[in-house]
Peer 1: 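Please find one structure pasted underneath; my questions will follow.
For ligands, and for the atoms within them, numbers begin at 1 and follow the listed sequence.
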Amino acid sequence: MHDRIVLKAPWELALMRRSNRLVAETLQALARRVGPGVTTLELDRFAESHLLAHGARPAFKGYRNYPFTLCTSINEQVVHGLPSARKLEEGDILSLDMGAVVEGYHGDSAITVPVGRISPEAERLLRVTRECLERAIAAARHGARLTDISGAVQGHAEANGYSVVRVFVGHGIGKELHEAPQIPNFVDPERGRGPLLKPGMVLAIEPMVNAGGPEVRVLDDKWTAVTADGSLSAHFEHTIAITKNGTEVLTMLEGAGA
Ligand code: MF3
Ligand code: CO
């Protein structure tokens, strides 16, 4: 990751609208396929062929040798869950995270969806994590500071008795999947307010919220991050662009909520 924030030109933003929109459409199509008995590997295959059929390539596959198109994280899995022959079960929550590249420009988004009927506690975690992302996006305005985004996520998660994960962060995005700046979901009071948000910045904001404590550990597969205390975890991510005319959510389809 470079340490300089690269501002995008209008023509670059046009390409990023395409990659991000395709990610959003693919996630929506995946969400419709989720249900008891479905395997996460089937979802991965669908996602990959959908991207290729639309002239894009998966952004995660091959990134640091990651072997799949999707990250599929179930229940206490926080992020980077590996698609497998595991069948989804009624009551699970499933995070679907994916990136796509169109003509060299990246899109990135994640949603957490219920598998069939889920517990009220799981429902509440999904709702609050989605609200954390909505509040973070509302805070991401020309003239605000990076830590306004982080503070919005942390404040809402903690006010609801949850914890934000610290070891994984959001990020700038563009020609690279991960560009400067890093976007933590918490504020470090020692560190100042961070850079000013301004037109041309494209940011992937991704709250990861645990029902229990903030600690995570990585399984022996070297990828899957799980909550240390086994509590449920949810993850929502949108890629946004700060423009002269306001903040655009590049991974939101018309008529959809966050
Ligand atoms: N959404 C995550 C991120 O933006 C997923 C990266 S998964 C990896 O960092 F496989 F590409 F590493
Ligand atoms: Co991301």
Side-chain angles (χ1 to χ4, degrees), residues 1-2 5-6 8 16 19-24 26-28 30-31 40-41 43-45 47-48 51 56-74 77-84 93-102 104-113 129-130 132-133 136-137 140 146 149-150 153 164-186 201-210 216 218-219 221-226 233-242 249-252 258:
M1 151 146 27
H2 4 192
I5 299 177
V6 182
K8 274 73 187 180
M16 295 197 73
S19 54
N20 280 287
R21 182 180 176 82
L22 181 58
V23 169
T26 309
L27 285 174
Q28 190 182 67
L30 285 164
T40 49
L41 201 53
L43 296 172
D44 185 74
R45 295 223 179 88
E48 179 162 356
L51 290 186
R57 69 171 175 85
F60 297 172
K61 198 169 184 172
Y63 182 86
R64 298 182 177 212
N65 291 323
Y66 187 75
F68 296 101
T69 295
L70 283 185
C71 297
T72 54
S73 307
I74 303 170
Q77 299 177 353
V78 177
V79 283
H80 305 161
L82 302 176
S84 76
I93 59 171
L94 170 66
S95 301
L96 296 165
D97 186 0
M98 63 168 274
V101 191
V102 171
Y105 286 84
H106 288 72
D108 189 8
S109 183
I111 54 176
T112 303
V113 296
T129 309
R130 201 183 300 112
C132 285
L133 179 55
I137 292 170
L146 191 73
I149 298 176
S150 311
V153 172
V164 291
V165 172
R166 280 147 200 270
V167 294
F168 300 109
V169 297
H171 49 94
I173 180 169
K175 283 191 193 174
E176 310 286 338
L177 174 62
H178 295 149
E179 297 187 357
Q182 290 196 14
I183 310 175
N185 292 304
F186 64 96
M201 287 185 181
V202 182
L203 307 172
I205 303 176
E206 46 183 320
M208 284 150 268
V209 175
N210 295 350
V216 304
V218 176
L219 299 185
D221 66 19
K222 301 283 202 321
W223 280 104
T224 312
V226 299
S233 186
H235 179 204
F236 286 87
E237 175 178 22
H238 273 313
T239 294
I240 65 158
I242 315 282
V249 185
L250 304 185
T251 43
M252 184 124 68

Peer 1: Backbone N or O of Leu177 within a donor-acceptor pair of the His171 side chain at under 3.5 Å?
Peer 2: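 Pair found, side chain donor or acceptor close to backbone of Leu177.
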Peer 1: Ala47 and Thr26: which non-hydrogen atoms are nearest, and at how many Å?
Peer 2: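 The answer is CA-CG2, 4.0 Å.
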Peer 1: Restricting to distances shorter than 2.8 Å, give the number of protein N, O or S atoms close to the Co ion (ligand 2).
Peer 2: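 With waters ignored, the protein N/O/S count below 2.8 Å is 4.
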Peer 1: Are any of the side-chain heavy atoms of Tyr105 and Ile173 separated by less than 4.5 Å?
Peer 2: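 No, too far: nothing below the 4.5 Å cut-off.
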Peer 1: Given Ile240, which partner from the list Ile205, Leu250, Thr251 fulfils the side chain to side chain contact (heavy atoms under 4.5 Å, CB included) test?
Peer 2: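 In the set Ile205, Leu250, Thr251, the residue that makes a side chain to side chain contact (heavy atoms under 4.5 Å, CB included) with Ile240 is Ile205.
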Peer 1: Are any protein N/O atoms closer than 3.5 Å to the N/O atoms of ligand 1? If there are, list each pair with names and the distance to one decimal place.
Peer 2:
unit_1   : atom_1 : unit_2 : atom_2 : d
ligand 1 : 1 (N)  : Asp97  : OD1    : 3.0
ligand 1 : 1 (N)  : Asp97  : OD2    : 2.5
ligand 1 : 1 (N)  : Glu206 : OE1    : 3.4
ligand 1 : 1 (N)  : Glu237 : OE1    : 3.2
ligand 1 : 4 (O)  : Asp108 : OD2    : 2.8
ligand 1 : 4 (O)  : His171 : NE2    : 2.8
ligand 1 : 4 (O)  : His178 : NE2    : 3.3
ligand 1 : 4 (O)  : Glu206 : OE2    : 3.0
ligand 1 : 9 (O)  : His178 : NE2    : 2.6

Peer 1: Quick check: Phe168 with His235 (ring centres under 6.0 Å apart)?
Peer 2: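 No: the rings miss the under 6.0 Å criterion.
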Peer 1: Report yes or no: does Thr40 contribute a side-chain atom to a donor-acceptor pair with the main-chain N or O of Ser84 at less than 3.5 Å?
Peer 2: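 Pair found, side chain donor or acceptor close to backbone of Ser84.
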Peer 1: Under 3.5 Å, is there a donor-acceptor pair between the side chain of Asn210 and the main chain of Ser233?
Peer 2: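 No, because the side chain of Asn210 does not come within donor-acceptor range (under 3.5 Å) of the backbone of Ser233.
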Peer 1: Report yes if some heavy atom in the side chain of Asp97 is under 4.5 Å from a heavy atom in the side chain of Asp108; otherwise report no.
Peer 2: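 Asp97 vs Asp108: side chains touch.
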Peer 1: Do Arg64 and Trp223 come within less than 4.5 Å of each other through their side chains, counting heavy atoms only?
Peer 2: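 Of all side-chain heavy-atom pairs linking Trp223 with Arg64, at least one is under 4.5 Å.
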